[in-house]
Amino acid sequence: MTQSHPRISKAVIPAAGLGTRFLPATKATPKEMLPVVDKPAIQYVVEEAVSAGLDDILMVTGRNKRPLEDHFDRNYELESALEKKGDARRLAKVQESSDLATMHYVRQGDPRGLGHAVLCAAPHVGNEPFAVLLGDDLIDPRDPLLQRMIEVQELYGGSVVALMEVAPEQVHLYGCAAVESTGDRDVVKVSGLVEKPEPADAPSNYAIIGRYVLDPAVFEVLRETEPGRGGEIQLTDALQLLAQDEKVGGPVHGVVFKGRRYDTGDRGDYLRAIVRLACEREDLGPDFRSWLRSYVTEEM
Ligand code: UTP
């Protein structure tokens, strides 16, 4: 089924959560600003959106999130200090994040859940399909996912979620999808969704990870969505309604992702992301790998 759609150009990045799993680091600093090697986690997410051709980015922020706006803005004082020193390499690093994309910001006020954060984007997005990238979910830049999700949305219409197979004992940490196969090997049709189910109630071990391409019909559904699990307005609950009734906003499909992904809001995953990405860096990798090798053999 091929349909004609406006080309997707807008990305929404919800980054208004409290980041309680990372306290006390996140008491006064947004978790999205925690460095992964030498870049804040959120910069990887914005770079991913830009690589997928989305250069209009709306970040959903809240109290304590000013550093996010500052990071993607110019810093003339720092730039002129580096210029005076003739440090062109570091100057380029400072300017890189402010030149990436057209950034917009909206404040969520009270963090009433991911669904509510997405709803805050409605006036900016209007009536066109759009992407959502969670600000604390890092997809390895070498394993492009969003590009494929946009292709799938253009092919099937409706909404597209990203799914990853997880161990049954991990299912309760995620939204979980009931799926049917399609003609495409990496695409499934989603027939139902449950937020953070107990293993016995999980319809599969396909977990939803933090990338979505959504039909704008989701806004109407979110407006009617009551707070669900944890008293929060859940995006998964709105998607469940879309999946069950295709007349509302088209079908929901899932792209099955088998690449590398890190939840930088989780301390263990955050450490794994840093070690892995540092090992693979041309500038830091060789030294760091040899230190890590001896650390593992001698100290563990
Ligand atoms: P999380 O479930 O990771 O919640 O949200 P959190 O509050 O940020 O972190 P913890 O669990 O307390 O440590 C997933 C994504 O949705 C955003 C978060 O910023 C994160 O990118 N979010 C969540 C919002 O923007 N607003 C909300 O009300 C809730």
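These numbers were taken from a predicted model, which means no experiment stands behind them. Each ligand, and each atom within it, is numbered from 1 in the order the structure gives.
With rounding to the nearest 0.5 angstrom, the CD1 atom of I42 is 10.0 Å from the NZ atom of K31.
T182 contributes a side-chain N or O that, together with a main-chain N or O of V187, makes up a donor-acceptor pair within less than 3.5 Å. Counting only distance, with no hydrogens or angles, the side chain of Q108 and the backbone of G113 share a donor-acceptor pair below 3.5 Å. A side-chain donor-acceptor contact under 3.5 Å links S294 to the backbone of W291.
Checking atom 2 (O) of ligand 1 against the protein gives no heavy-atom contact under 4.0 Å. Under the 4.0 angstrom criterion, atom 5 (O) of ligand 1 counts as lacking any protein heavy-atom contact.
The protein heavy-atom contact nearest to atom 15 (C) of ligand 1 is L134 CD1, 3.9 Å. Closest to atom 21 (O) of ligand 1 among all protein heavy atoms lies P14 O, 3.0 Å. For atom 12 (O) of ligand 1, the nearest protein heavy atom (residue, atom name, distance) is T20 OG1, 2.5 Å. Nearest protein heavy-atom contact of atom 25 (O) of ligand 1 is A16 N, 2.9 Å.
Near A117, the atoms of ligand 1 lying under 4.0 angstrom from a non-hydrogen atom of the residue are 24 (C), 25 (O), 26 (N). Those atoms of ligand 1 with a heavy atom of G135 less than 4.0 angstrom away are 21 (O). Annotation for ligand 1: atoms under 4.0 Å from non-hydrogen atoms of D136 are 3 (O), 20 (C), 21 (O). Less than 4.0 angstrom separates some heavy atom of R112 from each of these atoms of ligand 1: 28 (O). Numbered from 1 in the order shown, with element, the atoms of ligand 1 that lie under 4.0 Å from a heavy atom of E32 read 19 (O). Here is the list of ligand 1 atoms found below 4.0 Å of a heavy atom in Q108: 24 (C), 25 (O), 26 (N), 27 (C), 28 (O).
Considering every non-hydrogen atom in both Y262 and R276, the closest pair reads OH-CD, 2.8 Å. Closest heavy-atom contact between V252 and V161: CG1-CG1, 4.3 Å. Taking all atoms of both residues into account, the shortest heavy-atom contact from L193 to Q240 is N-OE1, 2.6 Å. In terms of heavy atoms, T264 sits closest to F22 at O-CE1, 3.3 Å.
Contact annotation for P111 and ligand 1: heavy atoms of both the backbone and the side chain come within less than 4.0 Å of the ligand. With a 4.0 Å cut-off on non-hydrogen atoms, E232 does not touch ligand 1 at all.
Annotation: L18 places an N or O atom under 3.5 Å from an N or O atom of ligand 1; distance criterion only. Residue L114 has no N or O atom closer than 3.5 Å to an N or O atom of ligand 1. Where the criterion is an N or O separation shorter than 3.5 Å, residue side chain and backbone included, G17 meets it with respect to ligand 1. Checking only distances, G113 does come within under 3.5 Å of ligand 1, N or O to N or O. Inclusion of K31 in the set of residues having an N or O under 3.5 Å from an N or O of ligand 1 is warranted. Residue-to-ligand polar distances place R21 within reach of ligand 1: an N/O pair is separated by less than 3.5 Å.
No side-chain heavy atom of V248 sits less than 4.5 Å from a side-chain heavy atom of D215. Counting only heavy atoms from C-beta outward, the side chains of I139 and I209 approach each other to under 4.5 Å. At a threshold of 4.5 Å between non-hydrogen side-chain atoms, the residues L277 and Y44 count as touching.
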(request) Please lay out, stage by stage, how I150 and R7 fare under the test side chain to side chain contact (heavy atoms under 4.5 Å, CB included). (result) CA-CA 9 Å; I150 292 171; R7 177 91 187 103; 3.5 Å; yes
